[in-house]
Amino acid sequence: MPPIAHQTAQDSFELGGKIFSSRFLLGTGKFRNKGELKASILSSNARIVTVALRRIDLERHDENILEYIPDGVTLLTNTSGARTADEAIRIARLARASGQGDWIKVEVINDSKYLLPDNEETIKATKALTAEGFIVLPYISPDLYVARRLVEAGATAIMPLGSFIGSNMGLRTREFIQVLINEIRVPMIVDAGIGAPSHACEAMEIGAAAVLVNTAVAIADNPPMMAKAFAQAVEAGRAAYLSGLPAKRPQGEASSPLTGFLFE
Amino acid sequence: MSGHMEITLNGQTKNIPGNASLQALAEQYTKEPTRVVAELDGAIITRDAWSRTILKAGSKVELVSFVGGG
């Protein structure tokens with residue numbers, strides 16, 4: 001019998017011209033301390049982490065978060081705080097001026113209750129930033145037409161939300177994300193609302209290219225252990241997707257042979 | 001108030017020595033200016049230009065850096 005190829009060896013995750021060994025992306029917000037953040041990056045082997053850009057605190061010297069992100073990890077700067085495309089573009093340019101690369105998660109939010117992204121402004125910002133040479137990953141409410149426009153605008157991947165940011169409610173937009181996975185050629189990285197490893201696994205099982213988690217790891221009692229649990233769930237979901245999940249059937253079908261019974 | 005001027009730094013009014021450079025301002029407010037990005041009146045100023053960038057009364061300066069985020 002020929003050896004079965006180890007599937008992870010052939011399952012590379014390519015994004016923005018780089019190959020990544022993990023499909024688990026970690027957000028760096030809300031951690032109780034930066035030591036736990038670093039330990040979570042290491043325990044999960046996350047190779048892409050998101051960061052935000054803010055005014056420095058003039059009253060006290062903040063700890064520099066970059067010191068807690070291991071070398072070789074790709075920084076994906078979000079444009080959080082931006083309410084319009086122009087504000088997102090401004091943040092992206094500042095991030096690039098820092099010398100920390102040109103990977104941008106475009107995030108344009110006007111609504112403070114649901115924190116839902118403004119898809120229209122997101123398309124505008126994506127178009128402008130790809131023209132300036134940024135690697136752009138827009139965060140959206142999953143919508144087929146928006147996703148098509150983002151691909152035309154040059155998005156490297158698309159980040160559809162699973163549910164509200166920080167809600168831990170899981171993959172509530174599953175069917176809509178499935179449409180994007182089926183119809184859109186760029187990778188889908190499910191972002192927001194992923195509150196348990198089972199949610200991350202589910203996203204990967206339906207064919208997401210990767211998953212980004214922040215809150216559920218950061219506020220866990222043991223963030224490094226939770227980060228690892230998410231990474232394992234992402235791997236399991238990916239393997240299940242690649243191996244071909246069976247269709248659901250609304251009735252029973254015996255797993256054991258239906259012949260050779262003792263009582264025949 | 002001769003020799004001093006008011007500028008706006010990160011949205012706050014600050015009184016600083018007249019003719020201060022962006023470099024001097026950044027050094028006053030952060031111990032790690034190398035991790036900071038500066039904007040003066042809406043335009044990004046690259047770090048190599050900080051010391052020759054002289055602030056004026058009414059200048060609007062933003063000093064930003066990376067923080068945790070999702």
Side-chain angles (χ1 to χ4, degrees), chain A residues 25-34 36-37 49-69 75-81 86 90-100 105 107 115 139 159 165-166 191-194 212-218, chain B:
Chain A
L25 285 67
L26 183 63
T28 61
K30 295 189 190 170
F31 279 83
R32 283 181 294 264
N33 65 69
K34 295 195 176 66
E36 285 186 340
L37 164 63
V49 302
T50 55
V51 289
L53 207 60
R54 290 290 181 273
R55 285 172 163 170
I56 62 166
D57 189 331
L58 302 178
E59 271 68 56
R60 60 188 182 91
H61 293 307
D62 290 336
E63 267 186 303
N64 176 14
I65 192 161
L66 300 183
E67 279 169 22
Y68 295 85
I69 298 174
L75 286 187
L76 174 61
T77 305
N78 70 35
T79 64
S80 62
D86 285 343
R90 182 179 172 198
I91 293 169
R93 288 173 179 159
L94 285 166
R96 179 150 73 183
S98 74
Q100 298 299 327
K105 171 183 158 184
E107 179 180 341
L115 299 177
Y139 168 66
M159 308 184 80
I165 291 175
D191 183 3
I194 301 300
L212 170 66
V213 181
N214 188 347
T215 300
V217 171
Chain B
M1 287 293 289
S2 66
H4 276 68
M5 61 183 181
E6 278 192 350
I7 62 152
T8 305
L9 172 60
N10 288 6
Q12 299 177 23
T13 303
K14 296 285 175 192
N15 209 299
I16 64 165
N19 298 322
S21 69
L22 184 54
Q23 178 76 30
L25 185 74
E27 282 172 2
Q28 185 181 343
Y29 284 101
T30 172
K31 64 178 175 190
E32 287 184 289
T34 53
R35 304 289 196 178
V36 171
V37 187
E39 215 185 49
L40 172 59
D41 296 329
I44 292 168
I45 309 293
T46 55
R47 198 160 297 126
D48 58 342
W50 283 10
S51 49
R52 64 173 184 271
T53 300
I54 306 302
L55 304 174
K56 294 181 299 221
S59 287
K60 283 192 168 56
V61 180
E62 296 284 349
L63 295 178
V64 303
S65 66
F66 288 102
V67 298

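Here is the naming used below: chain letters follow the sequence lines, and residue numbers restart at 1 for every chain.
Proximity to chain B is absent for every atom of A:Lys30, based on heavy atoms less than 4.5 angstrom apart. With a 4.5 angstrom heavy-atom cutoff, B:Leu9 touches chain A via backbone and side-chain atoms both. Both the backbone and the side chain of A:Ser98 come within less than 4.5 Å of a heavy atom of chain B. With a 4.5 angstrom heavy-atom cutoff, A:Leu53 touches chain B via backbone and side-chain atoms both. Looking at A:Thr77, the atoms closer than 4.5 Å to chain B (heavy atoms on both sides) all sit in the side chain, from C-beta outward. Heavy atoms of B:Thr30 lying under 4.5 Å from chain A belong to its backbone as well as its side chain. With a 4.5 Å cut-off on non-hydrogen atoms, B:Ile44 touches chain A through its side chain but not through its backbone.
Side-chain atoms of A:Thr28 come within 3.5 Å of backbone N or O of B:Gly69 as a donor-acceptor pair.
How far CG of B:Asn10 is from CD1 of A:Ile56: 6.0 Å, rounded to the nearest 0.5 Å. Atoms OG and CG, from B:Ser65 and A:Leu94 in turn, are 11.0 Å apart once rounded to the nearest 0.5 Å. Here A:Glu59 contributes atom CD and B:Tyr29 contributes atom OH; the two are 8.5 Å apart, rounded to the nearest 0.5 Å.
Counting heavy atoms from C-beta outward, A:Leu58 and B:Gln12 have side chains that approach closer than 4.5 Å.
Closest non-hydrogen pair, B:Gly68 versus A:Ala52, comes out as O-CB, 4.0 Å.
Between B:Glu39 and A:Arg90 there is a salt bridge, since at least one side-chain N of the basic residue sits less than 4.0 Å from a carboxylate O of the acidic one.
Chain B forms more heavy-atom pairs under 4.5 Å with one residue of A:Val213, A:Thr50, A:Leu76 than with any other, namely A:Thr50. The candidate from B:Gly70, B:Gly42, B:Ala38 with the greatest count of non-hydrogen atom pairs under 4.5 Å with chain A is B:Gly70.
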| How far apart are the C-alpha atoms of B:Leu63 and A:Arg55, what are their side-chain angles, what is the distance that settles it, and do they pass the side chain to side chain contact (heavy atoms under 4.5 Å, CB included) test? | CA-CA 6 Å; B:Leu63 295 178; A:Arg55 285 172 163 170; over 6 Å; no

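For B:Asn19, the CG atom sits in a loose shell: 12 or fewer heavy atoms of surrounding residues, nucleotides or ligands are nearer than 6.0 Å.
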